[in-house]
2 protein chains.
Amino acid sequence: MAQVPSSNILIRKLQTISELAEPDIAILGNARIEEKQYQANADILRDGDQPTLSFVVLDGMIGSTKMTGDGKRQITSFFVPGDIPDLHGLHLSVMDCTFTALMPSRVGFMRHDALRSICDQHPSITTVFWRSTLVDAAIYREWVTNVGRRDAYTGMAHILCELIVRLRAVGRIEDHVARLPITQAALGDALGLSTVHVNRVLQDLRRDGLISTVGSHFHATDWSGLVRAGDFDGMYLHQRAADVLRQ
Amino acid sequence: MAQVPSSNILIRKLQTISELAEPDIAILGNARIEEKQYQANADILRDGDQPTLSFVVLDGMIGSTKMTGDGKRQITSFFVPGDIPDLHGLHLSVMDCTFTALMPSRVGFMRHDALRSICDQHPSITTVFWRSTLVDAAIYREWVTNVGRRDAYTGMAHILCELIVRLRAVGRIEDHVARLPITQAALGDALGLSTVHVNRVLQDLRRDGLISTVGSHFHATDWSGLVRAGDFDGMYLHQRAADVLRQ
DNA sequence: CGCGGGGTTGAGGTCAATCAATCAATGTGG
DNA sequence: CCACATTGATTGATTGACCTCAACCCCGCG
């Protein structure tokens, strides 16, 4: 029905971290995907759920979030088009976090039993999926460090660098201009900061000529400066060499 | 040579998160493991390494650590006996973090090629290993939240709860008395705090009757109080029901 | 035209870092 | 057996990063 199958972006993302064999690409391309649109701040899966579906991000951005007992929110990771945020649901029956759309987003659902049968029949795809969850874990590790040991200015620059590299890898931004209608509140929840402080840190980054913002457009005006300011080394994203060189 | 094969603790740990079939237990029990002892603060694998071995913790405690550009250390997770901290090395060729012994520790090395051939021949073991790495990722998620959105007092209580539950699950502590010769500096690096502040927070926890310390012995004198203080819900550890009930 | 969401600004307060000692326990060489 | 070094814990004083509260502004929208 769709000229551009929604599995395309999934395949592209997986290719940024693994080499995919032709037959595997065909298998993944034929996977049945049910598309659905979400508004900003809509929950897709909730902490405590026992889902029978996983989803791939097609457009927009999804956050994996956790709430503390006193109602504060932490975003533990961003997920951009091509990512399968809840692939772990395939093997962990109860969700330990909530997936929320951080901007208007389109996602594609895939049935767990279908994914499991693909994995059973194609061990090489199992490896690719496993690797994808391992890269997610590597990103979590970096976020612990970012939140625990970097100050607000450095952490903000870091997280922006990560977003730009990941979006570039799947062709969603050119150069270092990102259309990122992400709220300052979301950035704060990602970095463990208040929205007020996020605002001030963004002003500092603008003052230093590292970024500029025009409405929801977000621009890294000094990429190497931003990388330096953010103490950023994208190695933890484990992208294939070919993709890294394309940066 | 050893009466108690070092794979026992590995099997026990895997059983806390997955049901293991008899044949799989036999396969894992026969895995060749090279034991090695490390002193406190010794690195086992370093950021940037390309290891051909993975290791299981046999005794002590290992931390996965990252350094920031200005030389601050963050511990992104603890690993206790039975855990395989660097199982991700099986599919991510370059290490993105360092594994350090946080106290005198004994670990057992297993060759990647041996592990890969086990996975190739026994898909059910692949699933168990995959699930193990997914639980590690769930722990990272919780740590992001702990470091980002909980204050020092709550975060400290939380991390102590996690350690106690995980150590109990593999039978390394009875009741809630833990022998934990972990330094306050390590706790600080885990929580993103200075050692001075760690010291003061521990005093607060003692003052409130939640913990007591005698030398390197560490005792949760009020388990339910500590759980409450730490905003702790162990669901994210994804232990099997039988194990959770045994708490 | 009023409303709400997101962004911006200012003032004051707090949690935790830093700096700088001191102390206890352990180990080491003479 | 003691002088000395080392590691980790503890304490006090000061500083600073970031939070909270409380406005206000801007803009799109029903």
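Proteins come first, then strands; the chains are lettered A, B, ... in the order of their sequence lines, and each starts at number 1.
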**Report entry** Side-chain donor-acceptor contact under 3.5 Å, B:Glu142 with B:Asn146
**Finding:** no
Requested in this report: Calculate, to the nearest 0.5 Å, the distance between atoms CE and OG1 belonging to A:Met67 and A:Thr65 respectively.
Outcome: 7.5 Å
Query raised in the report: By side-chain hydrogen bond (donor to acceptor under 3.5 Å, both in side chains), which residues pair with B:Ser105, not counting sequence neighbours?
Result: none
Report task. Name all residues meeting the salt bridge (charged side-chain N to carboxylate O under 4.0 Å, His left out) criterion together with B:Asp136; count only those two or more places apart in sequence or in a different chain, and write none if there are none. Result -> none
Requested in this report: Check the distance between D:dC19's P and A:Asp189's CG and give it to me in whole angstrom.
Outcome: 11 Å
**Report entry** Contacts of type side-chain hydrogen bond (donor to acceptor under 3.5 Å, both in side chains), residue A:Gln37, not counting sequence neighbours
**Finding:** none
Query - Contact nearer the 5' end of DNA chain D, comparing B:Arg149 with B:Ala185 - result: B:Ala185
**Report entry** For A:Phe78, ring pair (Phe, Tyr, Trp, His ring centres under 6.0 Å) partners two or more places apart
**Finding:** A:Trp143
Query raised in the report: Under 4.0 Å: is that the gap between some side-chain N or O of B:Arg206 and OP1 or OP2 of D:dT10?
Result: yes
Report summary line: Here the distance between atom C1' of D:dG8 and atom CE of B:Met103, to the nearest Å, is 14 Å
Requested in this report: Please identify each residue that fulfils side-chain hydrogen bond (donor to acceptor under 3.5 Å, both in side chains) with B:Thr100, with sequence neighbours left out.
Outcome: B:Asp43
Report task. Measure from CD on B:Gln184 to P on C:dA17 and round the result to the nearest Å. Result -> 13 Å
Report task. Run through B:Asp86, B:Asp96, B:Asp47 and flag the one making a salt bridge (Lys or Arg N to Asp or Glu O under 4.0 Å) with A:Arg141. Result -> B:Asp96
Requested in this report: Return the set of residues passing side-chain hydrogen bond (donor to acceptor under 3.5 Å, both in side chains) with A:Asp204 (not counting sequence neighbours), or none when no residue passes.
Outcome: A:Arg207
Query raised in the report: Can you tell me how far P of D:dT11 sits from CG of B:Leu202, to the nearest Å?
Result: 12 Å
Extract from the structure each pairing of a protein N or O with an N or O of nucleotides 16-18 of chain D at less than 3.5 Å, listing the distance.
residue	atom	partner	partner atom	Å
D:dC18	OP1	A:Ala152	N	3.0
D:dC18	OP2	A:His197	NE2	3.2
D:dC18	O5'	A:His197	NE2	3.4

Query raised in the report: Does B:Asn199 put a side-chain nitrogen or oxygen below 4.0 Å from OP1 or OP2 of D:dT10?
Result: yes
Query raised in the report: Once the angle between the rings of B:His158 and B:Tyr236 is folded into 0 to 90°, is it parallel (under 30°), tilted (30 to 60°) or perpendicular (over 60°)?
Result: parallel
Requested in this report: Enumerate the residues from residues 61-74 of chain A whose closest heavy atom to DNA chain C is under 4.0 Å, giving them by residue number; use none for an empty result.
Outcome: none
Requested in this report: Identify, with sequence neighbours excluded, every residue that meets salt bridge (charged side-chain N to carboxylate O under 4.0 Å, His left out) alongside A:Asp151.
Outcome: none
Query raised in the report: What pairs with A:Thr133 under side-chain contact (heavy atoms from CB on, under 4.5 Å), at least two apart in sequence or on another chain?
Result: A:Leu87, A:Trp130, B:Trp130, B:Leu134
Query raised in the report: Any side-chain N or O of A:Gln203 under 4.0 Å from OP1/OP2 of C:dG7?
Result: no
Requested in this report: Work out how much the helix from C:dC1-D:dG30 to C:dG30-D:dC1 bends between its end axes, five pairs an end, to the nearest 10 degrees.
Outcome: 30°
Below 3.5 Å between N/O atoms, which protein atoms pair up with nucleotides 10-14 of chain C? Just atom names and distances, please.
residue	atom	partner	partner atom	Å
C:dG10	N7	A:Arg200	NH2	2.4

Query raised in the report: Is it true that the side chains of A:Thr213 and A:Arg206 contain a donor and an acceptor less than 3.5 Å apart?
Result: yes
